[in-house]
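Here is the structure we will look at.
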Amino acid sequence: MIPYNKFAGVYDKMEADRHSINMVKYTLRIMRRFGIEAQDGLDLCCGTGSAIEAFCDQGLTMSGLDRSRQMLKVAAEKLRSSKVQLYRKELPRFEILLRTRTARKQLKRFDLVTCFYDSLNYLLTERELKAAFRSVYRHLRPGGWFVFDMNTPHGLRVIWPSQVFAGAEDDLAWVFRAEYDNMQESVVLQATFFVKSGRLWERFDETHTERGYSDRTIRSLLRDVGFQVKGYYRCFTFDRPKATNGRICAVVQRPL
Ligand SMILES: C[S@@+](CC[C@H](N)C(=O)[O-])C[C@H]1O[C@@H](n2cnc3c(N)ncnc32)[C@H](O)[C@@H]1O
């Protein structure tokens, strides 16, 4: 089944959006550290919109983008009282256009672009990851910032397959199992959900495929498209990542 289809309906209930809320707090610390004064932002792969909501609470004007109709539906409901623009678009190559009177197309640009959780790991080739970085670059004003986190190759190859992620509520249970595919250099996550509906339990399954990229590859692709890498950390810290860390966070700037 297509990822983030029925999953959308239980995503927040499973508190899967906690990570992005914590990423917003961390991004605010990053912004203070680098003196970033953003007025507006775009959250890529925004999912159910919890990060957007948290950024709006801080006074930013936000937009969001995701390819999942179902995730965007949950986000639209959550954000209906704010002036957030949501776009159904797919990475790696995306364009958000300004509505102008002239025929000339003009890209909408932002002070800050974010992309949280495993979202960029869904891009399965370096070529795609580079194309996504290029699209972000084009949507930033000169001097604008891009903050994102990603699972590391070690996280996906070693940490994920060694664990079963599971949880149970009164009306919801889930089991996630991961297997690493050495040939494809990617992890395949089988996600099984049970949702209570009346007296019956409905089961649904999703397959998620993710790939990790080395620090060297990520940095080099970012530089190739013109970004300056200003910070590269073990996620949620300001420490250099170690080989055994499961997640990194990058802070990069489009030069002025
Ligand atoms: C792990 S969820 C993260 C959602 C949100 N950022 C959060 O942290 O809660 C990954 C999201 O990325 C979206 N996504 C995955 N691949 C995508 C692509 N190629 N283009 C646009 N959205 C994508 C999915 O639909 C899903 O909403």
Side-chain angles (χ1 to χ4, degrees), residues 1-28 41-56 60 62-79 84-96 112-136 139 146-152 155-156 160 165 167 174 176 178 186-191 193 204 206-213 235-236 246-250:
M1 193 188 272
I2 304 166
Y4 300 103
N5 184 1
K6 283 199 174 184
F7 188 5
V10 295
Y11 192 85
D12 287 2
K13 197 160 196 188
M14 288 169 57
E15 298 197 343
D17 62 333
R18 279 276 129 215
H19 177 84
S20 68
I21 293 168
N22 289 332
M23 279 305 294
V24 172
K25 291 183 192 149
Y26 178 46
T27 302
L28 294 172
L42 168 68
D43 188 36
L44 297 179
C45 306
C46 64
T48 59
S50 297
I52 292 180
E53 187 178 45
F55 276 128
C56 288
L60 273 87
M62 290 299 295
S63 298
L65 170 159
D66 203 285
R67 74 173 169 194
S68 161
R69 195 188 295 279
Q70 290 77 10
M71 293 295 261
L72 285 173
K73 203 170 152 202
V74 178
E77 179 66 21
K78 185 179 292 168
L79 301 164
V84 170
Q85 294 275 353
L86 294 175
Y87 302 93
R88 184 157 177 253
K89 293 192 183 282
E90 184 160 6
L91 270 52
R93 290 175 191 81
F94 65 91
E95 282 192 339
I96 300 176
L112 175 71
V113 176
T114 53
C115 190
F116 297 148
Y117 220 2
D118 300 13
S119 307
L120 290 172
N121 294 104
Y122 285 91
L123 301 173
L124 300 180
T125 63
E126 285 181 25
R127 199 187 164 99
E128 285 182 348
L129 187 60
K130 185 171 173 178
F133 287 161
R134 182 170 288 124
S135 295
V136 173
H139 282 82
F146 179 33
V147 178
F148 64 90
D149 68 301
M150 280 180 93
N151 287 302
T152 63
L156 296 181
W160 278 35
F165 303 91
W174 63 93
F176 289 9
S186 56
V187 78
V188 180
L189 181 81
Q190 298 295 348
F193 305 82
F204 63 93
E206 290 189 359
T207 303
H208 295 241
T209 307
E210 299 190 23
R211 180 165 175 200
Y213 296 89
C235 198
F236 297 120
R247 187 172 290 279
I248 59 92
C249 173

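Start at 1 with the first residue, then count along the sequence. Because only heavy atoms are used, hydrogens play no part in the values below, and waters and symmetry mates are left out as well, while side chains stay in. Just so you know, ligand 1 is whichever comes first in the structure, and atom 1 is the first atom listed for that ligand.
In terms of N/O distances under 3.5 Å, ligand 1 is approached by L91. On a distance-only criterion, D43 and ligand 1 share no N/O pair closer than 3.5 Å. Residue L44 places no N or O, backbone or side chain, under 3.5 Å from any N or O of ligand 1. In terms of polar-atom proximity, defined here as any N/O pair under 3.5 Å, R67 does make such a contact with ligand 1.
The two residues N151 and N121 come nearest to each other via the heavy atoms N-OD1, 2.9 Å. When every heavy atom of A178 is checked against every heavy atom of L189, the shortest pair comes out as CB-CD1, 3.9 Å.
Heavy-atom contacts of E90 reach the following atoms of ligand 1: 19 (N), 20 (N), 21 (C) (cutoff under 4.0 Å). Applying the 4.0 Å criterion to heavy atoms of S20 picks out, from ligand 1, the atoms 7 (C), 8 (O), 9 (O).
Without hydrogens or angle criteria, E128 side chain to L124 main chain gives a donor-acceptor distance under 3.5 Å. With hydrogens and angles disregarded, a donor-acceptor distance shorter than 3.5 Å links the side chain of E206 to the backbone of Y4.
Contacts between C46 and ligand 1 below 4.0 angstrom, taking non-hydrogen atoms only, involve the backbone exclusively. When non-hydrogen atoms are compared, ligand 1 lies under 4.0 Å from the backbone of K89 (N, CA, C, O) but not from its side chain. Contact annotation: for M71 versus ligand 1, heavy atoms closer than 4.0 Å belong to the side chain alone.
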